[in-house]
Amino acid sequence: MSALTDYEGMLAAIKMGDEPPAEEPARQQWYMKKAGELVKEKSLSLGRPLRAMVKTFGCQMNERDSEKLRGILDAAGYELTEEEEADFVIYNTCTVRENANLKVYGRLGYLGGLKKKNPDMVIALCGCMMQEPEVVEKIRRSYSFVDLIFGTHNIYKFAELLVTALENDRMILDIWKDTDKIVEELPASRTYAFKSGVNIMFGCNNFCSYCIVPYVRGRERSRRPEDIIREIEGLVKDGVVEVMLLGQNVNSYGKNLPEPVTFARLLKQVEEIPGLERIRFMTSHPKDLSDELIEVMAESKKICPHLHLPLQSGSSRILKIMNRRYTKEQYLALTEKMREKMPDISLTTDIIVGFPGETEEDFQETLDVVRKVRYDSAFTFIYSRRTGTPAAVMENQVPEDVVKDRFDRLLALVQQIGKERSARFLGQTLPVLVEQVNSQDASLVTGRLASNLVVHFPGDASLIGKTVDVTLEECRGFYYMGYRAR
Ligand code: 5AD
Ligand code: SF4
C-alpha cells in the first residue's frame with residue numbers, strides 16, 4: 001500500500017480549534033486529525049495499534065472509492081489489514097445485481113459474530129446498496145450491531161462520520177438522495193504503487209431500464225479537467241505510470257461543465273503528461289462514442305488499444321425496451337469503424353441474457369453480434385430484477401431454465417472466440433507492464449499487454465511497475481507464458 005506521506009505533514013499543521021471549519025476539504029482534514037487523536041487514545045489504552053479493513057464489492061468505481069476510505073483510515077492512524085478480525089471494518093457495497101446484495105448479508109452475519117468477541121469493534125457499511133431504503137430498513141431491523149451507514153454521495157465526509165461513530169454508541173445513519181458536490185484534495189491509499197483509477201465523473205443520466213445505477217449514484221457530474229490533470233500529475237510524481245479514467249459513461253464527460261469539454265479533448269490533455277505511459281478508460285456508452293474519440297485513440301501513443309463497449313443485447317427490439325438508444329446495426333457500424341482505424345484494437349463488452357420478453361430470436365441476434373464483432377472477452381450476466389427500475393415491473397419475465405440455457409450457450413461462444421482472439425499475438429515481442437510476483441510461482445512475474453491480456457514470465461519483484469519487452473511464447477487460453485526479450 002502506498003500512503004500519502006505528505007498528508008501527514010498537512011495534518012500536523014492543522015490547528016485544532018473547538019469547532020471544525022465549515023468549508024471543504026478543510027473540514028474533513030480537521031476531522032481526520034480528530035479521528036487520529038481518538039485512535040491514538042484507544043490504542044494507548046489497549047496497548048496495541050488499531051487495525052482497519054475495507055472490503056470492496058462491485059466495480060472499479062467502488063475500488064477507487066475504497067482507496068479513498070483507506071487513505072482516510074491511514075491518515076487517522078489505523079493499520080490497514082486484509083482481515084476482518086479488526087477494530088474497524090467497512091464494507092463498500094454494490095447493488096447492480098441481486099447476488100451482490102446477498103453476499104453482503106452473508107458476510108454481515110459473520111461480522112456480527114466477530115463483534116461479540118470484540119465489543120469495541122466498529123462496523124460500517126457504505127456504497128450503492130445503502131442508497132436503497134429497503135436495504136437500510138432491513139439492516140436496522142436484523143443487523144442492529146452495525147455502527148455506521150452512509151451512501152455514495154457523502155463518501156467525502158467519511159472522516160467526519162468516522163469521528164461521529166467513534167464518539168457514539170448508537171447507529172449513525174447518513175444517506176443523501178443526490179448531490180451536486182465534488183470535493184477535491186482528499187487522501188487515497190493505493191492498492192498498486194504504479195497504477196491508479198482516476199474518477200473523471202460521477203453518476204449516470206441514462207436510465208437503462210434494467211439498471212439501478214442512476215438511482216443509487218445520482219445525476220452525472222464531471223470533474224473539472226484542471227483538477228483531473230493535477231491529480232494525475234501528482235500520481236505520476238508518486239510513481240504511477242498507468243491510469244484508468246473512470247465514469248459510468250465517460251463518453252458524455254464534460255457536457256455539463258460551465259465550460260464544456262469533450263472526453264476526447266480531456267484525453268489529449270492527459271496524453272501530454274510527461275512520465276505517464278498508459279491510459280485506459282471505462283465505461284463507454286455506444287450512443288455517445290464520437291468520431292473525435294476514435295481519432296484521438298488512433299493517433300495516441302499512450303491510450304491503450306482496448307475499448308470496453310457494453311452491448312447488453314444484440315436485438316434492436318430489446319435494445320429499445322432497454323432504453324439503450326442504439327440499434328444492432330449502429331453498434332456493428334461503430335465497431336467496424338473502430339477496427340478500420342485501429343485494426344489491432346481489443347474489444348470487450350457486457351451482455352445481459354434474459355431481459356424481460358427476450359425471445360430465442362432476440363437471443364440469436366445477440367449471438368450474431370458476438371460472432372461478427374469477435375470480442376476479446378465479455379462479461380456475461382443473467383438479468384437481475386432490481387426493484388424501482390422500469391424493467392422490474394415488466395410482464396413476461398423469462399423463466400429461469402430458459403435463461404440458464406441461453407447463458408451457457410452465450411458463455412461457450414464468448415469463450416471460444418476469446419481464446420481464438422487472444423492467440424493473435426503468439427510469437428510477437430510486446431511491452432508488458434509488470435504488476436506483481438506471480439501468486440502461484442515466485443520465479444515468475446505477472447503483467448499486462450496494452451490490450452489488457454495477462455502475461456507470466458520469469459522475473460522478480462524488482463520489475464514491478466516497469467514496462468519490459470516480452471516474447472509471447474505460449475498462449476494458454478486467456479493468458480500468455482513468455483520470456484524477456486534481450
Ligand atoms: N441485471 C443484470 N446485469 C446488469 N447490469 C446492470 N444492471 C443489471 C441487471 N439488472 C450489467 C450491465 C452493465 C454491467 C456493469 O452490469 O451489463 O454494463
Ligand atoms: Fe446503468 Fe445504463 Fe448508466 Fe451503465 S449507462 S450505469 S447500464 S443506466
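Numbers here simply count residues along the sequence, with the first being 1. Counting convention: from 1, in listed order, for ligands and their atoms alike.
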Within 4.0 Å of some non-hydrogen atom of R386, the atoms of ligand 1 are 10 (N)
> Hey, are the side chains of I90 and K55 touching, using non-hydrogen atoms and a 4.5 Å cut-off?
Replying inline: no
Y383 heavy atoms within 4.0 Å reach ligand 1 at atoms 1 (N), 2 (C)
Inset, instruction - Could you tell me whether N396 atom CG has more than 12 heavy atoms of other residues or ligands within 6.0 Å of it? - result: yes
of all protein heavy atoms, closest to atom 5 (S) of ligand 2 is N206 ND2, 3.4 Å
Within-4.5 Å side-chain heavy-atom neighbours: R406 and V398: yes
Checklist entry - Are the side chain of S313 and the backbone of I318 linked by a donor-acceptor contact shorter than 3.5 Å? => result no
If you define the side chain from C-beta out and look only at heavy atoms, does anything of F145 sit under 4.5 Å from M171?
no
Logged contact type for P310 with ligand 2, heavy-atom cut-off 4.0 Å, is neither
Closest to atom 3 (Fe) of ligand 2 among protein heavy atoms sits C204 SG, 2.3 Å
message = Counting the benzene-type ring for Trp, do H456 and Y480 have ring centres under 6.0 Å apart?
response = no
the protein heavy atom lying closest to atom 16 (O) of ligand 1 turns out to be R97 NH1, 2.8 Å
contact_flag I382 ligand 1 heavy-atom lt 4.0 Å = yes
Ligand 1 atoms nearer than 4.0 angstrom to some heavy atom of I352 are 3 (N), 4 (C), 5 (N), 12 (C), 17 (O)
Practice prompt. Would you mind reporting whether E84 and L114 have side-chain heavy atoms less than 4.5 Å apart?
Written response: yes
Nearest non-hydrogen contact to atom 8 (C) of ligand 1 from the set Y210, F379, F355 belongs to Y210
Ranked by distance from atom 12 (C) of ligand 1, the top protein heavy atom is Q312 OE1, 3.4 Å
Review point. Should Y31 and L162 count as side-chain neighbours, where that means a heavy-atom distance under 4.5 Å?
Key: no
Is C211 close enough to atom 2 (Fe) of ligand 2 to have an N, O or S atom under 2.8 Å? no
The closest protein heavy-atom partner of atom 10 (N) of ligand 1 is S384 O, 2.8 Å
Worksheet entry | Ring centroid separation Y215 to F207 under 6.0 Å | yes
of all protein heavy atoms, closest to atom 4 (Fe) of ligand 2 is Q248 O, 4.4 Å
protein heavy-atom neighbour closest to atom 15 (C) of ligand 1 works out as D350 OD2, 3.8 Å
- Query: Can you find a pair of side-chain heavy atoms, one from Y156 and one from K68, that are under 4.5 Å apart?
  - Reply: no
Nearest non-hydrogen protein atom to atom 2 (Fe) of ligand 2, with distance, is C208 SG, 2.4 Å
When distances are taken from atom 7 (S) of ligand 2, the protein heavy atom at minimum range is Y210 OH, 3.4 Å
Contact region, R217 to ligand 2, non-hydrogen atoms below 4.0 Å, reads neither
For H285, the atoms of ligand 2 under 4.0 Å from one of its heavy atoms are 5 (S)
One finds that the ligand 1 atoms under 4.0 Å from a non-hydrogen atom of V96 are 6 (C), 7 (N), 8 (C), 9 (C), 10 (N)
Item to complete: Tell me whether the centres of the aromatic rings in F158 and F150 are closer together than 6.0 Å.
Response: yes
* Determine whether K287 and N251 make a side-chain contact, defined as any pair of heavy atoms from C-beta on separated by less than 4.5 Å. => no
Atoms of ligand 2 under 4.0 Å from any heavy atom of P214, numbered from 1 in the order shown, are 8 (S)
